[in-house]
Visitor: 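Got a structure for you, written out below as structure tokens; questions coming shortly.
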2 protein chains.
Amino acid sequence: MSETTTSEAPAFRPLYQQVRDTLVRRLIVGSWTPGMMLPSEFQLASELGVSQGTVRKALDAMTAEHLLLRRQGRGTFVALPEEGRILFKFFRLVADGGERLFPQSRVLGRVKARASAADREQLGLAKGADVWRIDRVRHLGEAPVISERITLPVARFEALGQMADIPNNVYALYSEVFGITIGKAAEKLKAAIADATLAERLGCETGHPVLSIERLALALDDTPVEHRISFCLTDSFHYRSDL
Amino acid sequence: MSETTTSEAPAFRPLYQQVRDTLVRRLIVGSWTPGMMLPSEFQLASELGVSQGTVRKALDAMTAEHLLLRRQGRGTFVALPEEGRILFKFFRLVADGGERLFPQSRVLGRVKARASAADREQLGLAKGADVWRIDRVRHLGEAPVISERITLPVARFEALGQMADIPNNVYALYSEVFGITIGKAAEKLKAAIADATLAERLGCETGHPVLSIERLALALDDTPVEHRISFCLTDSFHYRSDL
DNA sequence: CAGTGGTCTAGACCACATA
DNA sequence: ATGTGGTCTAGACCACTGG
């Protein structure tokens, strides 16, 4: 997708991609908000001075990125973070039987701290920047299955300090309260061993194998927004990856 | 394009999808083989009695599935299993530094066996069917990193018994020797602990955490072809997943 | 019914690769 | 120069949704 142009001419960006970019910008700046219905293809086409087919290509591309939702006969809508399929786009833990449960979360702590060198590297922050750290345990059904720490730049999430509590679905929170939409994420998976505190949180023995998942989530403009490290019990659940 | 109405619920498959299906069939039956150049869009269009734009949509869909490779000014080609990017589509293990090495394999054993109940379930085989079991260790750089067992239905891979040895890239083998192209795969990841034999194969201690990856690979017609279970050391490598 | 997205066509022109 | 895929347009018609 992304063209690593060395340094040269305007490089020729197709019209439909330019259209896509201007429409994505409307999502970023918030003039189009989740759930909202977009103007029809013909309206957008005449507004932007391109043909309806070109607008369609742009809308199709954004739909493929899960930014929009199109329904024949109804219209084109800005995707909601809660939309079932979108939600599971970022939650890959599945019961071995196949059922896809959605986790309940219990927050253990939420503190403001100075960003470590690693935090600054991952989140692209300047020296001296602050971050939020949220620790929580997530349950699938009855049992605790995930223990995780979420790291967020305070600069983009000032008001987090004034919130009574952190909701279960933080990506909906980022979107609705802070106007930040997570577009994609990259995860690094490793096998590890539960230490004493992790074992206590998850109700397993020290030394039990756990799946560690390190995630970096990016906003629509590809800037890093959230860093997260999760430790999961995979005795009756697994991480599903489709290739 | 004939409108094969089957008197049932679906009743209306878009023309470009019908075109895609007939073209995919040419890949399945082998009248188009990897590396081959396809006729031009206009030739296909006139042959199939549809417009060039409709052929284009079908070709674009197949390109998105990594079945074809299109290059402006050159033509449209059947994708090779060795194509760099395609190869890494199915190999997600990355060095922590970021380099993507490709593994070297050492085969430990290759035996024919009666399919277990689990094998039959996963591969869709009848009672009494036979399977091949291939055990191998894979190295990334110097050190052994993966120990895996591949299970294949003998019915689809008869000639495997006569082969002197198993090449490193088995998906290229399936394609070139058996005419079977792997289109997609689903993986289930868990954390586990190395037992004595695994520890010996990977050169780690018994009890060391390992990432277990269970994969079911499907052919272009969505029939299961290969079942594989891999155990990976993730001390200096990780499994990368993009969401 | 009117309005939306979805499909299909036809033709023009652009960008790229090769001979 | 020729042939390829890539883009863009314009228009017609189909399929679905909701009043």
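Labels below follow one simple rule: chain letters A, B, ... track the order of the sequence lines, proteins then strands, and each chain is numbered from 1.
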Visitor: Looking at A:D165 and A:R106, does any basic side-chain N land under 4.0 Å from a carboxylate oxygen?
Guide: no
Visitor: Output every pair passing side-chain hydrogen bond (donor to acceptor under 3.5 Å, both in side chains) with a member in residues 24-33 of chain B, not counting sequence neighbours, ordered by first then second residue.
Guide: B:R26-B:E47
Visitor: Could you give the distance from CZ (B:R20) to CG (B:D60), rounded to the nearest 0.5 Å?
Guide: 12.5 Å
Visitor: Decide if atom CZ of B:F102 counts as having more than 12 heavy atoms of other residues, nucleotides or ligands within a radius under 6.0 Å.
Guide: yes
Visitor: Using whole Å, what does the distance between atom P of nucleotide D:dG3 and atom CG of B:L38 come to?
Guide: 19 Å
Visitor: OP1 or OP2 of C:dG6 less than 4.0 angstrom from a side-chain nitrogen or oxygen of A:R70, does that happen here?
Guide: yes
Visitor: For the side chain of A:Q43 and the backbone of A:S40, is there at least one donor-acceptor N/O pair under 3.5 Å apart?
Guide: yes
Visitor: Heavy-atom count around A:E121 CD within 6.0 Å, excluding the residue itself: above 12?
Guide: no
Visitor: Can you tell me how far P of C:dT7 sits from CG of A:L59, to the nearest Å?
Guide: 14 Å
Visitor: When you check every protein heavy atom under 4.0 Å of nucleotides 8-18 of chain D, what one-letter string (B, S, -) results, 5' to 3'?
Guide: SBS----BBSS
Visitor: Hey, is the side chain of A:R56 pairing donor to acceptor with the base of C:dG6 inside 3.5 Å?
Guide: yes
Visitor: Give the rounded distance in Å between these two atoms: CZ of A:R20 and C1' of D:dT7.
Guide: 17 Å
